[in-house]
2 protein chains.
Amino acid sequence: MAQDLKLTKNQSLVFDKLSAAPGPLSAYDLLDQLRDQGLKAPLQIYRALEKLQEIDLVHRLESMNSFVACAQPNCHAKTGLVAFAICEKCGVVSEFSDEVVQTRLAAWADERSFTTTKTSLEIRGLCQGCG
Amino acid sequence: MAQDLKLTKNQSLVFDKLSAAPGPLSAYDLLDQLRDQGLKAPLQIYRALEKLQEIDLVHRLESMNSFVACAQPNCHAKTGLVAFAICEKCGVVSEFSDEVVQTRLAAWADERSFTTTKTSLEIRGLCQGCG
DNA sequence: ATGCCATACGTTATATCATAACACAATCCA
DNA sequence: TGGATTGTGTTATGATATAACGTATGGCAT
Ligand SMILES: [Zn+2]
Ligand SMILES: [Zn+2]
Ligand SMILES: [Zn+2]
Ligand SMILES: [Zn+2]
């Protein structure tokens with residue numbers, strides 16, 4: 001909420017909803033939960049999400065078509081790679097990063113002159129409590 | 001084609017089409033290309049893809065909702081982790097694996113008693129030719 | 001061979017996820 | 001103050017994926 005200053009009304013609504021959620025939400029989940037606040041169309045959600053992703057306040061989970069608020073105050077996505085561990089039972093998502101993995105992937109790309117724009121790394125499984 | 005022996009007609013059609021393709025195809029791309037062969041409904045494609053993924057002949061690219069035939073005769077997905085580098089311009093997908101990354105992620109999971117069932121790692125960007 | 005089970009198939013309908021196109025409003029900043 | 005940029009609201013449409021139903025096929029134990 002502190003850095004919401006730059007956010008528009010719709011962006012704030014979406015970000016606050018995601019921040020308060022215990023797990024990832026789909027765009028349509030968000031829409032359903034924000035109809036009270038006047039949002040009516042999917043595009044309103046997707047546009048807010050798009051901006052929030054650009055500034056790394058929100059991440060998209062590719063493997064489940066849904067979105068989470070960033071866990072870190074200063075997300076590592078800004079500088080490097082973010083990874084997610086997703087529990088398939090309780091839905092909890094852990095955001096983390098790993099220098100070694102990041103270095104390793106950078107090396108792979110460098111050796112092949114591959115210019116990386118975005119990396120997605122998602123681990124699915126069961127968390128400690130659910131395993 | 002050699003190991004198609006175990007595959008059903010629809011599975012073979014889908015796998016052969018994917019194998020011949022220069023890049024990833026969506027389920028509906030496949031459907032369009034297989035109407036001649038009698039396939040009519042999305043489910044026919046999705047069911048074939050499901051089976052093909054189970055036996056690691058086909059991989060799903062989460063970040064683009066599409067599918068590729070496995071590049072390796074004996075895919076590393078059976079034993080460990082597969083990664084993909086996807087060129088956003090020409091569409092070429094490179095399948096690779098990395099022991100260090102794999103080990104590193106396994107360690108992360110182990111430390112947190114997270115039971116991994118599937119990992120997806122996709123690097124988007126520009127390949128050498130397109131960069 | 002018969003009966004049974006597991007898997008695959010075909011079909012229709014529906015659910016879920018995402019963007020195109022257009023007009024208008026707010027904001028920034030030269 | 002005016003032009004550029006960004007955000008908004010709305011309608012329509014496109015793209016991806018699954019539910020539910022019944023039938024058919026193939027392996028395999030009796
Ligand atoms: Zn983050
Ligand atoms: Zn859990
Ligand atoms: Zn493979
Ligand atoms: Zn390329």
Side-chain angles (χ1 to χ4, degrees), chain A residues 3-18 21 23-68 86 88 91 118 120 122 124, chain B residues 3-18 21 23-68 86 88 91 118 120 122 124:
Chain A
Q3 44 194 319
D4 285 18
L5 302 179
K6 321 174 60 172
L7 299 183
T8 67
K9 171 168 153 284
N10 287 1
Q11 288 160 12
S12 290
L13 287 171
V14 168
F15 179 67
D16 289 349
K17 208 44 123 171
L18 269 183
L25 296 175
S26 74
Y28 281 77
D29 289 339
L30 284 163
L31 179 55
D32 287 342
Q33 296 188 27
L34 288 171
R35 285 192 195 279
D36 307 347
Q37 335 288 324
L39 298 205
K40 293 171 184 171
L43 256 195
Q44 295 177 293
I45 306 294
Y46 281 108
R47 291 202 273 228
L49 286 170
E50 183 178 27
K51 187 65 180 178
L52 291 167
Q53 286 176 262
E54 278 173 15
I55 57 182
D56 289 313
L57 283 181
V58 162
H59 303 303
R60 175 186 168 83
L61 300 176
E62 303 285 358
S63 67
M64 55 191 305
N65 298 328
S66 61
F67 305 84
V68 286
I86 303 165
E88 292 178 319
K118 181 166 192 293
S120 84
E122 300 176 18
R124 319 277 312 226
Chain B
Q3 45 194 318
D4 284 17
L5 302 178
K6 321 174 62 173
L7 300 183
T8 67
K9 172 167 153 283
N10 287 1
Q11 289 159 14
S12 291
L13 287 171
V14 168
F15 179 66
D16 289 349
K17 207 46 121 172
L18 270 182
L25 297 175
S26 74
Y28 282 77
D29 289 339
L30 285 163
L31 179 55
D32 286 343
Q33 295 188 25
L34 288 172
R35 287 193 194 277
D36 307 346
Q37 336 288 323
L39 298 203
K40 293 172 186 171
L43 256 195
Q44 297 177 291
I45 306 293
Y46 281 108
R47 291 202 273 229
L49 286 171
E50 183 178 27
K51 187 64 180 181
L52 290 167
Q53 285 176 263
E54 278 174 15
I55 57 182
D56 289 313
L57 283 181
V58 163
H59 303 303
R60 176 188 168 82
L61 301 176
E62 304 285 358
S63 68
M64 55 190 304
N65 298 326
S66 60
F67 305 84
V68 286
I86 303 165
E88 293 178 319
K118 182 167 192 295
S120 85
E122 299 176 19
R124 318 274 315 224

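Chain A is the first sequence line, chain B the second, and so forth, proteins listed ahead of strands; every chain is numbered from 1.
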*Please tell me which of the listed nucleotides, D:dT10, C:dT11, C:dA8, lies nearest to the side chain of B:Ala41?*
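Output: C:dT11.
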*Candidates C:dC9, C:dT11, D:dT11 - which lies nearest the side chain of B:Leu43*: C:dT11
From [X] [atom1] over to [Y] [atom2], what is the distance, rounded to the nearest 0.5 angstrom?
X	Y	atom1	atom2	value
A:Leu31	A:Gln44	CG	CD	8.0 Å
B:Asp29	B:Asn65	CG	CG	11.5 Å
A:Asn10	A:Gln37	CG	CD	10.5 Å
B:Ser26	B:Asp32	OG	CG	7.5 Å
B:Lys6	B:Thr8	NZ	OG1	12.5 Å

[X] [atom1] to [N] [atom2]: how many Å, rounded?
X	N	atom1	atom2	result
B:Glu62	D:dT16	CD	P	14 Å
A:Tyr46	C:dA20	OH	P	13 Å
B:Ile45	C:dA8	CD1	P	15 Å
B:Gln11	C:dT7	CD	P	12 Å
B:Arg47	C:dG10	CZ	P	8 Å
B:Glu50	C:dA6	CD	P	17 Å
A:Met64	C:dT16	CE	P	14 Å
A:Leu49	D:dT8	CG	P	12 Å

Indicate whether OP1 or OP2 belonging to [N] is found under 4.0 Å from a side-chain N or O atom of [X].
X	N	result
B:Lys51	C:dA8	yes
B:Asn65	D:dA15	no
A:Thr8	D:dT6	no
A:Gln44	D:dT8	no
A:Arg60	C:dA18	yes

_Side-chain touch B:Arg60/B:Lys118, heavy atoms, less than 4.5 angstrom_ =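 No. Closest side-chain heavy atoms not under 4.5 Å.
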*Sorted by number, the residues of residues 23-31 of chain A with heavy-atom contact under 4.0 Å to DNA chain C*: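 DNA chain C contact set from residues 23-31 of chain A: A:Ser26, A:Tyr28.
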*Do B:Glu122 and B:Ser63 meet the criterion of a side-chain donor-acceptor pair at a distance under 3.5 Å?*
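Yes, side-chain donor-acceptor contact under 3.5 Å.
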